[in-house]
Amino acid sequence: MRFLYHPDRKDITLAGVLYALGDPVRLEIVRLLATKGEQCCAGFDFAIAKSTMSNHFKILRESGVVLTHKEGTQHINQLRREDLEARFPGLLDAVLQSAQPLNICATAGKQVLGHRV
């Protein structure tokens, strides 16, 4: 089994978190995790190559924004809300309040949070 790196709470940096949240796709992943709760990687129906999505999750994980654990063959992701709030109070909430839904769904005609894509 491959080891998934997660930084300790004390090692999460503001620069790393802001870099991770600075990409629209990663921001949408975080927004959906905040809205829907934990999800497997395959649960995101984005019109993006699987390898690109894997890289986005790796950046989010290694920056300390998400926690990933394996259940069988699935990688389950959840926000590290408590860790982020402890390190940077109010940052995640402020970012999420200003984030607009990004319509990057792969399934034609699918509804994404009330927006038709």
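Any value given below was found using the heavy atoms of this structure, including those in side chains, with hydrogens, waters and symmetry copies removed.
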Name each donor-acceptor pair under 3.5 Å that joins a side chain in residues 7-19 to protein atoms two or more places apart or in another chain, with its distance.
| from | atom 1 | to | atom 2 | distance (Å) |
| --- | --- | --- | --- | --- |
| Arg9 | NE | Asp83 | OD1 | 2.7 |
| Arg9 | NH2 | Asp83 | OD1 | 2.8 |
| Thr13 | OG1 | Gly16 | N | 3.0 |

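- Between Glu28 and Phe46 the shortest side-chain heavy-atom distance falls below 4.5 Å.
- Contact of the Asn77 side chain with the Cys40 side chain is not registered, since no non-hydrogen atoms from C-beta on lie closer than 4.5 Å.
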Where do Leu92 and Arg87 land on the side chain to side chain contact (heavy atoms under 4.5 Å, CB included) test, with the steps shown first? CA-CA 11 Å; Leu92 186 60; Arg87 292 285 291 145; over 6 Å; no
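- Proximity of Arg31 to Leu96: side-chain heavy atoms (C-beta onward) are separated by under 4.5 Å at one or more points.
- Within the 4.5 Å cutoff, the side chain of Leu4 has heavy atoms near those of the Arg61 side chain.
- Counting heavy atoms from C-beta on, the side chains of Leu32 and Gln39 come closer than 4.5 Å.
- Residues Glu38 and Leu67 are not in side-chain contact: their nearest non-hydrogen atoms beyond the backbone lie 4.5 Å or more apart.
- Side-chain contact between His56 and Ile29 is present, with at least one heavy-atom pair separated by less than 4.5 Å.
- The two residues Gly64 and Leu84 make their nearest non-hydrogen contact at O-CD2, 3.9 Å.
- The salt bridge (Lys or Arg N to Asp or Glu O under 4.0 Å) test applied to Asp23 returns no partner, not counting sequence neighbours.
- Annotation: side chain of Tyr5 is not in contact with side chain of Thr68 (no heavy-atom distance under 4.5 Å).
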inquiry  = Set out, in order, the CA-CA distance, both residues' side-chain angles and the distance that settles side chain to side chain contact (heavy atoms under 4.5 Å, CB included) for Val25 and Met53, then state yes or no.
reply    = CA-CA 9 Å; Val25 173; Met53 284 297 290; 4.3 Å; yes
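- Ile76 forms part of no hydrophobic cluster, judged by ILVMFWY side-chain heavy-atom separations under 4.5 Å.
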For Arg26 and Ile59: C-alpha separation, side-chain torsions, deciding distance, then whether side chain to side chain contact (heavy atoms under 4.5 Å, CB included) applies. CA-CA 9 Å; Arg26 291 192 294 267; Ile59 291 169; 3.3 Å; yes
